[in-house]
Structures are given as structure tokens and as C-alpha cells.
Protein chains: 2
Amino acid sequence: MKAEDRRELVLIAATGVFGDRGYVATTTDQVAKAAGVSQPYVVRMFGTKEQLFLEVLGRALDRLLVTFRGVLAESSDNLSGRLGLAYVELLRDRGLLLSLMHGFLLGADPVIGPVVRRGFLNVYRFLREEAGFTAEASQRFLEGGMMLNTLVGLRMSDDFESDPSANELLCAALPQKLDVVLDLGAAQRAEQR
Amino acid sequence: MKAEDRRELVLIAATGVFGDRGYVATTTDQVAKAAGVSQPYVVRMFGTKEQLFLEVLGRALDRLLVTFRGVLAESSDNLSGRLGLAYVELLRDRGLLLSLMHGFLLGADPVIGPVVRRGFLNVYRFLREEAGFTAEASQRFLEGGMMLNTLVGLRMSDDFESDPSANELLCAALPQKLDVVLDLGAAQRAEQR
DNA sequence: GTCTATATGCGGATAGAC
DNA sequence: GTCTATCCGCATATAGAC
């Protein structure tokens with residue numbers, strides 16, 4: 001395997017771990033183990049843990065916008081619904097949306113803050129300028145996204161079977177694509193260490 | 001000052017710091033300094049940092065529900081709007097909503113996870129059972145709340161003046177009460193260390 | 001390019017004085 | 001009830017071998 005591939009591999013592994021534990025709680029050693037390399041090598045490749053996280057965020061935002069542009073290119077009817085479904089599908093990319101969400105809460109950080117604000121606003125601008133949404137429609141769309149991120153962060157699907165309220169809430173929040181969240185929850189619980 | 005008051009003081013200070021930095025990034029020393037006591041004393045009072053965070057979360061959820069019940073008791077017209085305004089007003093309680101939001105993303109944590117899921121579902125049940133909202137209305141309400149939390153976590157108000165998109169987004173998201181978020185942002189930047 | 005070994009700093013928690 | 005002093009473990013980062 002050559003270096004470029006290995007780098008991508010580490011980035012994917014890091015996305016998963018950051019998504020699970022957040023930026024600060026994640027150790028470079030956990031990332032290294034997940035990627036099957038040594039801890040110092042992870043640091044060597046990216047300089048610092050902070051740089052690694054920034055690359056994870058950048059990659060995640062890239063994929064998000066690429067995905068959305070793909071949906072837009074396909075057709076333009078029921079855009080909001082189709083973008084929403086594509087967003088939920090991104091949950092399959094382990095840790096992608098959750099790494100972003102963790103980043104969003106670090107707006108007070110002098111380095112991470114500006115990056116996540118710019119990233120979030122790029123998504124907003126896509127909705128307004130490329131997808132042609134009104135300000136209200138864009139906002140509504142993002143509200144749904146933040147709600148999904150939160151429910152996934154909460155691991156609300158853990159209570160899907162045992163708690164009627166959790167069940168109802170998830171069904172209401174995910175008219176379609178409920179299966180993606182439930183699959184993901186099962187996978188996460190399985191790999192629990 | 002007697003012990004009970006001091007305990008409350010530390011809890012308030014901790015809420016502010018946890019809200020700013022998140023659970024893991026917050027040090028018990030930062031909390032101690034913010035409260036004007038010694039670091040070991042903070043640990044003594046609450047046992048562990050984790051226990052302290054759990055108490056912060058519990059207090060925050062209490063205040064949230066107490067506030068909502070107060071709004072409900074006043075009158076029952078335009079409930080959704082009035083609950084929303086009361087929610088935004090809770091931003092004045094420094095770190096309260098952000099500590100909760102940080103907690104919500106720690107659903108994978110074996111100790112914190114169950115607590116935040118229960119707390120979130122209690123709010124949902126309030127909306128459904130006490131406020132009489134439909135499942136869809138409850139979900140919509142929570143979506144708006146998670147969006148607000150995210151925008152505040154992002155410190156989006158930092159870009160309010162310099163970025164037209166940020167400006168538009170904040171205005172769309174906060175038809176009223178924009179001043180609360182802007183005041184808060186100014187205060188946060190002022191105390192930046 | 002990738003590893004092992006390790007230095008260094010920091011933070012939670014404890015001991016114990018007052 | 002509250003402090004000072006301090007232990008200990010852990011995580012990032014560096015040095016340097018292969």
C-alpha cells in the first residue's frame with residue numbers, strides 16, 4: 001500500500017473515532033489502533049492532533065457538498081426531500097456527520113472556530129445560491145440536519161425498542177431512512193469496547 | 001457564605017466552563033478558578049469531574065422544564081412561539097444550553113449516555129403530554145432548538161457583521177430575540193482569554 | 001515510510017494541615 | 001469547610017533506529 005492510500009485510511013479511521021468521542025476525548029493512539037499503524041506515525045503524518053482534526057473536518061465538508069451537488073445535478077424536483085435523504089445516507093460514512101457536529105460545538109476555539117463557521121456557511125450558501133432555497137427553506141433544512149445529528153449523537157436508537165417516546169420521536173424525525181439509523185446503532189453497540 | 005450557596009456557585013461556574021469547552025476539554029482547575037475556590041475543593045465537593053458534569057446536566061434540565069412549565073401555566077395560546085422565546089431567553093443562563101448540547105453528543109459514553117437520553121426524552125414528553133403537541137409539532141420544536149444550540153456553539157454571531165450569509169442565517173433563525181444571541185456573543189468575546 | 005523508545009507536561013485525584 | 005502540596009497516570013510529541 002502506498003503512502004497516499006495509507007493517509008486516506010488514517011483519515012477515515014480518525015473520522016470514526018472523532019465522531020464517537022469528540023475532538024478532545026479522542027487520542028491519537030485510538031486513531032492509530034483503528035488504522036493499524038503506530039501512534040507516532042499518525043502524528044508524523046499530520047503534524048498535530050489539531051491538524052488531523054482539521055483535515056477530518058475538511059474532508060467531511062467536501063464529501064457533504066459533493067454529495068449535495070450530485071443530488072442537484074440529477075434532477076431538481078423535490079430537492080429538499082432528496083437532499084434530506086442523501087444527508088441521512090451520509091451516516092453510512094462512519095463518524096462523518098458526528099465529527100462535523102462535534103466541530104460545530106467548538107466555535108469558541110480560536111483555530112477550529114473559524115474553520116467550522118466557514119464550513120457551515122458554505123453549506124448554507126449552497127442551499128441558498130445553488131439549490132435556490134429561500135432563507136426560510138434553508139434554515140428549515142439545516143434545522144432537520146442538526147436534529148438528526150443530535151439524535152445520532154445521543155445514540156437515541158439505543159432506546160428505540162425499550163422506550164415508546166424514543167420510538168415515536170425517531171419515527172417522526174425519520175419518515176424514511178429509519179433503517180439507516182437503526183443499522184448504525186446496532187453496529188456501534190456491536191463494536192463497543 | 002454557607003456551603004450550600006458555595007456549591008450552587010461552583011455549579012453555575014461549571015455550567016459556564018462546560019458550555020464553552022465541552023466536558024472533556026474542561027479542567028476542574030478552570031471551574032475552580034471561575035468559582036474562586038481551589039481545584040481540590042471542587043473535586044471534593046462533587047467526587048469526580050464526571051459527577052460534577054452530571055449535576056450540571058441535571059440542573060440544566062431541571063431549569064429547562066421548570067421554565068417551560070411556567071410558560072405553560074401562564075397561558076396556552078401560541079404555545080410553540082412562547083416556549084421558543086423562553087428557550088432563547090435561557091441563553092442568558094450562561095452555558096446552560098451549551099452544556100446540555102455537549103452532553104447530547106456524548107451518547108456513546110456508558111455513564112453520560114443514559115442520562116442525556118432520559119433528559120432529552122423528558123423534554124419530548126413534556127411537549128407531547130403536557131403541552132399537548134403532536135409528534136410532528138414536538139419534533140419541529142426540537143429541531144429549532146438543536147439549530148439554535150448549534151449556531152450558538154459555532155459562535156456564528158462572531159460573523160454577524162462581517163459575513164452577509166451569517167447575518168441572513170441568524171436573522172432567519174431568530175425572527176425575534178436576535179439581540180439575546182448578539183449580546184451573548186459580545187460578552188463571550190469580551191471575556192476571551 | 002514506519003517503527004520503538006521515551007521525554008515532557010498536564011490534569012484528576014489524594015493526603016493532610018488548618 | 002477549605003486550603004497547599006503532591007502523586008500518578010496518561011497523551012502528545014520528539015528522537016532516532018531500521
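Treat the numbers as computed from the prediction; the structure is a model and nothing was measured. Throughout, protein chains are lettered first and strands after them, A, B, ... in sequence-line order, and every chain is numbered starting at 1.
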(request) Mark up nucleotides 12-18 of chain D, 5' to 3', with B wherever a protein heavy atom is under 4.0 angstrom from a base atom, S wherever such an atom reaches only the sugar-phosphate, and - elsewhere. (result) BBB-B--
(request) Provide, to the nearest angstrom, the distance between the CD atom belonging to B:E4 and the C1' atom belonging to D:dG1. (result) 13 Å
(request) For the pair B:D183 and B:R92, find out whether any cationic side-chain nitrogen is under 4.0 Å from an anionic carboxylate oxygen. (result) yes
(request) For A:F53 and D:dA11, give me the distance from atom CZ to atom C1', rounded to whole Å. (result) 17 Å
(message) Tell me whether B:K49 forms a cation-pi arrangement with B:F18, defined as NZ or CZ under 6.0 Å from the six-membered ring centre and within 45 degrees of its axis.
(response) no
(message) Could you check whether A:D20 pairs with A:R155 (Lys NZ or Arg NE/NH1/NH2 to Asp/Glu carboxylate O, under 4.0 Å)?
(response) yes
(message) Please determine whether the number of non-hydrogen atoms from other residues, nucleotides or ligands lying under 6.0 Å from atom CZ of A:R117 exceeds 12.
(response) yes
(message) Just by distance, no angles: are the side chains of A:S75 and A:R82 close enough, under 3.5 Å, to form a donor-acceptor pair?
(response) yes
(request) Rounded off to whole Å, could you give me the CD-to-C1' distance for the B:Q51 and C:dG12 pair? (result) 14 Å
(request) Rounded to the nearest angstrom, tell me the gap between atom CD in B:Q30 and atom P in C:dG11. (result) 7 Å
(message) With a 3.5 Å distance limit and no angle check, can you tell me whether B:T134 reaches the backbone of B:A137 through a side-chain donor-acceptor pair?
(response) yes
(message) Expressed as a whole number of angstroms, how long is the span from A:F18:CZ to D:dA11:C1'?
(response) 13 Å
